[in-house]
J.: 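Below you will find the structure I want to go over with you.
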Number of protein chains: 2
Amino acid sequence: MLKLTKKADYGLIALRHLASIPTATASTKEIADTYHLPVPLLAKVLQRLTQTKILISVAGTNGGYRLARDASKISALEVVRAIDGPVILTHCFTDHGSCDQSDNCTVREPLRRVHEAILDVLNRFTIDDLAEPVAQPRASKLTPLPTPLHQVINSLQPVSN
Amino acid sequence: MLKLTKKADYGLIALRHLASIPTATASTKEIADTYHLPVPLLAKVLQRLTQTKILISVAGTNGGYRLARDASKISALEVVRAIDGPVILTHCFTDHGSCDQSDNCTVREPLRRVHEAILDVLNRFTIDDLAEPVAQPRASKLTPLPTPLHQVINSLQPVSN
DNA sequence: AGATACCGGACAGATTTAGTCCTGTATCGA
DNA sequence: TCGATACAGGACTAAATCTGTCCGGTATCT
């Protein structure tokens, strides 16, 4: 759980590809072949990205897709939403407003903050970031509950959905 | 996509409940009744939390569950992992090491960082935070791509899985 | 004992995701 | 103008996952 769908993966891979190649344009088949992705599925993903104004499609021979704007202006959040629909951490948010009839779902507000923090991470991450891996190795020690998250979360820019 | 399962929700609700009540102990039925949750399902969740040393179970009449340690020492990440299994942002990480045979899955490393940032958010968030909602209204304007995430992510504590 | 309550596996239904198929339309180039 | 290329998009199937139920079993308190 709490994972991206393969479609979202494929979308990010494709966008990164388009952001990296000199021609800036590639067809579904080209991209699918390069990364060994199922063509029809990738096609659908790219169509969706086109509908949501992230890609521009060019029909006909030598056609394909290209980014609708600069890679630094396309956030991972936008991509994920376009492909998978709205991001939902807890069911409370969407369903019928409140959990069951009782509004003693006391965790809702606190979870909203976690939710927003995660959205913020995705919102800040752009296709540009994907295209240029920093690739510096990092220490890998699990630090349990390091610093209070309150301030961290409170300082974040609100992001809906 | 990118959402918690209901089980994880239930677990968090139950833990928050236990952290809030004076007796510090409650049975499955009590909790389920309070929040209108399906008893057998919640039971399974609580069992899992017991297996993973987050809860302590007390059998017999007037038995139930209580937190195995202070609420401030139980992170949301730990809970989610206990209930839903490892958190996986991209399939690349887990599957067969590399996507397909080709290692041109160029997005893997960058996505790992997003992944870690999200884990970090969950890791810092504790049951304690759940129990004390700050409940201050916040401005809600979507700020697209505010600040470069590079430094933000680089400054985070590494968390595996 | 007997009632309460946890333990844990097996199982069924619903939902979501992954992937395929097929028909249609637009564009380029010969 | 014809034909190949490539996008558009709906319908459909299969697999995986999630949700929820049912059951017999064990521990503990009164």
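In what follows, every chain begins at residue 1, and chains take the letters A, B, ... in the order their sequences are listed. Quick caveat, the model's predicted, so the values are computed rather than measured.
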J.: If you compare all heavy atoms of B:Ser27 against all heavy atoms of B:Gly63, which two are closest, and at what distance to 0.1 Å?
T.: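 Looks like CB-O, 4.2 Å.
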J.: Determine the minimum heavy-atom distance between B:Lys73 and B:Glu78, stating which atoms define it.
T.: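 Scanning both residues completely, I find the closest heavy atoms to be O-OE1, 4.0 Å.
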J.: Between D:dG20 atom C1' and B:Lys7 atom NZ, what is the distance in whole Å?
T.: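 So the NZ-C1' distance, B:Lys7 to D:dG20, works out to 9 Å.
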J.: Nearest whole angstrom, please: distance from the C1' of C:dC6 to the CG of B:Leu55.
T.: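 About 12 Å, once rounded to whole Å.
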J.: Mind running a 4.0 Å heavy-atom check of residues 40-52 of chain A against DNA chain D and sending the residues that fall below it, in number order?
T.: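 Listed by number, they are A:Lys44, A:Gln47, A:Thr50, A:Gln51.
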J.: Is a side-chain donor or acceptor of B:Asp129 paired with a backbone partner of B:Thr126 at a separation under 3.5 angstrom?
T.: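 Between the backbone of B:Thr126 and the side chain of B:Asp129 there is a qualifying donor-acceptor contact (under 3.5 Å).
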J.: Strictly below 4.0 Å: does B:Thr28 bring a side-chain N or O up to OP1 or OP2 of C:dC6?
T.: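 Looking at the OP1 and OP2 atoms of C:dC6, one of them is under 4.0 Å from a side-chain N or O of B:Thr28.
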J.: Please check if the side chain of A:Arg16 supplies one atom and the backbone of A:Ala131 the other of a donor-acceptor pair under 3.5 Å.
T.: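 At least one qualifying donor-acceptor pair exists.
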J.: Can you see which heavy atom on A:Leu42 is nearest to which on A:Ala32, and at what distance?
T.: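 Closest pair (atom of A:Leu42, atom of A:Ala32, distance): CD2-N, 3.6 Å.
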J.: In whole Å, what is the span from the CZ atom of A:Arg66 to the C1' atom of C:dT27?
T.: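 In whole Å, C:dT27 C1' and A:Arg66 CZ are 15 Å from each other.
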J.: So does B:Tyr10 get a side-chain nitrogen or oxygen closer than 4.0 Å to the phosphate oxygens (OP1/OP2) of D:dC18?
T.: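 For D:dC18, OP1/OP2 do not have a side-chain N/O of B:Tyr10 under 4.0 Å.
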J.: Honestly curious: do A:Ile21 and A:Val58 fall in one hydrophobic cluster under the side-chain, below-4.5 Å linking rule?
T.: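 No, because A:Ile21 and A:Val58 fall into different hydrophobic clusters, even though each may have its own neighbours under 4.5 Å.
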J.: Please name the pair of heavy atoms, one in B:Ala43 and one in B:Tyr65, separated by the smallest distance, quoted to 0.1 Å.
T.: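 Nearest pair, atom of B:Ala43 first, then B:Tyr65: O-OH, 4.3 Å.
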J.: Considering only side-chain heavy atoms of B:Thr61, which listed nucleotide, C:dT27, C:dA3, C:dA18, is closest?
T.: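 From the listed options, C:dA3 comes nearest.
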J.: Considering only C:dC6, D:dA6, C:dA3, which nucleotide approaches the side chain of A:Ser27 most closely?
T.: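 For the A:Ser27 side chain, the nearest candidate turns out to be D:dA6.
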J.: Counting heavy atoms from C-beta on, name the nucleotide in D:dA27, D:dG20, D:dC29 closest to the side chain of B:Pro38.
T.: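 Nearest to the side chain of B:Pro38 among the choices is D:dG20.
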J.: Specify the separation, in whole Å, of atom CD1 of B:Ile56 and atom P of D:dT28.
T.: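 That distance rounds to 14 Å.
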J.: Let me know the distance between CG of A:Leu37 and P of C:dG19, rounded to the nearest Å.
T.: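 My rounded result for the distance is 9 Å.
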J.: Rounded to whole angstroms, how far apart are CG on A:Asn62 and P on D:dC7?
T.: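 Those two atoms, CG and P, are 11 Å apart.
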J.: To the nearest Å, how far apart are A:His36 NE2 and C:dG19 C1'?
T.: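 Interatomic distance, NE2 of A:His36 to C1' of C:dG19: 18 Å.
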J.: Check the distance between D:dA4's P and A:Lys29's NZ and give it to me in whole angstrom.
T.: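 The answer, rounded to whole Å, is 17 Å.
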J.: Counting just side-chain N and O atoms, does B:Ser57 come under 4.0 Å of either OP1 or OP2 of C:dA5?
T.: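 Answer no for this pair, as no side-chain N or O of B:Ser57 is under 4.0 Å from OP1 or OP2.
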